[in-house]
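Please read the structure below before turning to the comments.
Labels below follow one simple rule: chain letters A, B, ... track the order of the sequence lines, proteins then strands, and each chain is numbered from 1.
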Amino acid sequence: MVLRLYDSLDGGLRDFEPLVPGEVGMYVCGPTVQSSPHIGHLRSALVYDLWRRWFGYRGYRVTLVRNVTDIDDKILGNARPAPAADGAQTAGEVWWALAYRYELEFTAAYTALGVQAPTYEPRATASVTQMQEIIARLIERGHAYPAPDGSGDVYFDTASWPGYGRLTRQAAADMVAAEDADPRGKRDPRDFALWKGRKDDEPESASWPSPWGPGRPGWHIECSAMSARYLGAQFDIHGGGLDLRFPHHENELAQSTAAGDAFARYWVHNGLVNVGGQKMSKSLGNSLYAADFLSMARPVVVRYYLAAAHYRSVLDYHDGALEEAEAALDRVETFLDRAARRLAGTRFAAERPGQVPDAFAAALDDDLSTPEAFAVLHDTVRAGNAALDDEDLDGAAERRAEVSAMTQILGIDPTSPEWRSRPDEPVRIALAALVERRIADRQSARAGRDFALADAIRAELAEAGITLEDSPTGTHWSIDAE
RNA sequence: GGUGGAGUGGCCGAGAGGCGAGGCAGCGGCCUGCAAAGCCGUAUACGCGGGUUCGAAUCCCGUCUCCACCUCCA
């Protein structure tokens, strides 16, 4: 079976053929660490985590590079201004401290969501030499020019590159220049900065020496440099949020190819997250930050929610969505739990190494169709429950193995230690002793047909947050999901 | 103005010419002392108007509405 993915450059589904057999090189635009991560950042990271896991399951060795943009106008803008001429320090946080603080927030959010660390996570500030090398090549080839205004800026000459606009299928003539664009030394308003000469109010620490004067890199060149540095001049997949298609990815593509690099062979873009039908924005005040979102439900539920929609669709968050995800995931958990209890002590007790059902694999092979994959997961859960009802233990064990395999790939295996809040063993043991005693009391009440007492005990435990379930093999108790 | 995308049952959300994905909620049933969990059943769904076809949510034409991007937002 061939893996297919939707290539934004091509505008259609394409069979994936790796550059090097058995390997996948994937570059994903990470965040600019200028403010706290929001739900959209979570989704983006999760999407590429899922791609990576699936490629891995399909036998590829995946090199995933996700950068951190740690130097940028907004970072400088959000940090304190440069020291005054007399050397007096101004109040506030220095830009690199601010960038690092937010980087740590991103890392914490990704970890909480079960996003595996990429193979490497380069910071833009560590590849300035590589950026300058590309800029020099562009100037040499006649596709970039230092601004004649003495600003120290270097611009990409869009008019010199016929392929400009290819990724977003736009004709240069149709592009509308932003009203607030600062023309500075540009030949054409569409030209974009490769290098930004240092301005007087910018801190010395945010400036690097260059052949064009001290300054710092433009945003787009960062990704061109880092992808080539870690994955090579040509690599398999370039990913990022749909909002980055233009100008960021268009510019990356133009500058890398104009510099002579073959660049990405496939472009993958994830859909954005809206809140209440609208794009998140600071002015609307509807931004949903990662930390808040992750506290609204168990992280594995958040992951389920974000992974259940197709990665290219717009995901519109609305109230109640996490409750639905919770209910859906509970079905899976309940089955695994139920199967484990029923199979314990039988010859099917040991977990078998699971194979995912063919339909599940086919779904993910088809442009990572997680919605269909989740449908297969639920079908399998139902079949497993039915097997348990029929006392078909072999079938139940088989379904359990499949469910485990699927949830592991999706990163939502409820039994995985990463989702377990550390149980306080002594407390658990003590609680178990007390609860089981009440259950025994209830059993004798039931045996004596004193259902009023039995129900009272059940209600008493429910009050304490403990749910009882009777089954032919005994009464099972569980603590309600926290 | 340009480019790309979307409108599916009470809700979420797939699919893309012919068997009504899946989840949540609802209803009926089985099971249960009663529950819970589970299982089985249950929907005249595809923005609107035409057309092509034996057959259209899926193709074509028209039309309405919404969203994203168009120089630095994942």
> At under 4.0 Å between heavy atoms, what does A:Leu388 touch on the DNA or RNA strands: base, sugar-phosphate, or nothing?
Replying inline: nothing
>> Quick check on RNA chain B: between A:Arg449 and A:Glu469, whose nearest nucleotide comes earlier from the 5' end?
In response: A:Arg449
> Paired with B:C39 by Watson-Crick or G-U wobble geometry, both distances under 3.5 Å: which nucleotide is it?
Replying inline: B:G29
> Base, sugar-phosphate, or nothing: which does A:His220 touch, judged by heavy atoms less than 4.0 Å apart?
Replying inline: nothing
> Applying a 3.5 Å limit to both distances, which nucleotide forms a Watson-Crick or G-U wobble pair with B:A68?
Replying inline: B:U3
>> Can you identify which nucleotide, out of B:C12, B:G38, B:G23, has its nearest atom closest to the A:Ala328 side chain?
In response: B:G23
> Side-chain N or O of A:His378 less than 4.0 angstrom from OP1 or OP2 on B:G22?
Replying inline: no
> Roughly how many Å is it from NZ in A:Lys74 to P in B:C72, rounded to a whole number?
Replying inline: 8 Å
> Is a donor-acceptor contact shorter than 3.5 angstrom present between the side chain of A:Asp243 and the base of B:C72?
Replying inline: no
> Does any nucleotide pair with B:C73 by Watson-Crick or G-U wobble geometry, both distances under 3.5 Å, and what is it?
Replying inline: none
> Between A:Glu469 and A:Arg338, is there a salt bridge with N-O shorter than 4.0 Å?
Replying inline: no
>> What is the separation between atom CD1 on A:Ile221 and atom C1' on B:C72, rounded to the nearest whole Å?
In response: 14 Å
> For A:Leu272, which contact category applies under a 4.0 Å heavy-atom criterion: base, sugar-phosphate, or nothing?
Replying inline: base
>> It should be established whether A:Asn385 places a side-chain nitrogen or oxygen under 4.0 Å from OP1 or OP2 of nucleotide B:C39.
In response: yes
>> Nearest to the A:Lys279 side chain among B:C69, B:G38, B:A74, which nucleotide is it?
In response: B:C69
> Nearest of B:G33, B:A37, B:C73 to any side-chain atom of A:Arg446?
Replying inline: B:G33
>> When you measure from the side-chain N and O atoms of A:Arg331 to the phosphate of B:C39, is any distance below 4.0 Å, counting only OP1 and OP2?
In response: yes
> Now, which nucleotide makes the Watson-Crick or G-U wobble pair with B:C34, with each of the two distances under 3.5 Å?
Replying inline: none
> Who is the Watson-Crick or G-U wobble partner of B:G62, with both distances under 3.5 Å?
Replying inline: B:C48
> A:Asn274 or A:Phe192: which one's nearest nucleotide on RNA chain B is closer to the 5' end?
Replying inline: A:Asn274
> Any idea which of B:U71, B:G4, B:C73 is nearest the A:Trp219 side chain?
Replying inline: B:C73
>> With a cut-off of less than 4.0 Å, is there a side-chain N or O of A:Arg382 near OP1 or OP2 of B:G23?
In response: yes
>> Under 4.0 Å, counting only non-hydrogen atoms across every strand here, what does A:Thr32 touch: a base, just sugar-phosphate, or nothing?
In response: sugar-phosphate
> Using a cut-off of less than 4.0 Å, is there contact between a side-chain N or O of A:Arg245 and OP1 or OP2 of B:C73?
Replying inline: no
> Rounded to whole angstroms, how far apart are CG on A:Leu13 and P on B:G15?
Replying inline: 10 Å
>> For a quick check of understanding: with a heavy-atom distance under 4.0 Å over all strands, which category does A:Val376 fall into, base, sugar-phosphate or nothing?
In response: nothing
> Does A:Lys279 come within less than 4.0 Å of A:Asp243, counting only side-chain N to carboxylate O?
Replying inline: no
>> Looking at B:A14, I'd like to know if its phosphate oxygens (OP1 or OP2) sit under 4.0 Å from a side-chain N or O belonging to A:Ser313.
In response: yes
>> Within the 4.0 Å heavy-atom criterion, would you say A:Gly240 contacts the bases, only the backbone, or no part of the nucleic acid?
In response: sugar-phosphate
>> So A:Arg399, base contact, sugar-phosphate only, or nothing? Heavy-atom distance under 4.0 Å.
In response: nothing
> Which base, if any, makes a Watson-Crick or G-U wobble pair with B:U53, both distances under 3.5 Å?
Replying inline: none
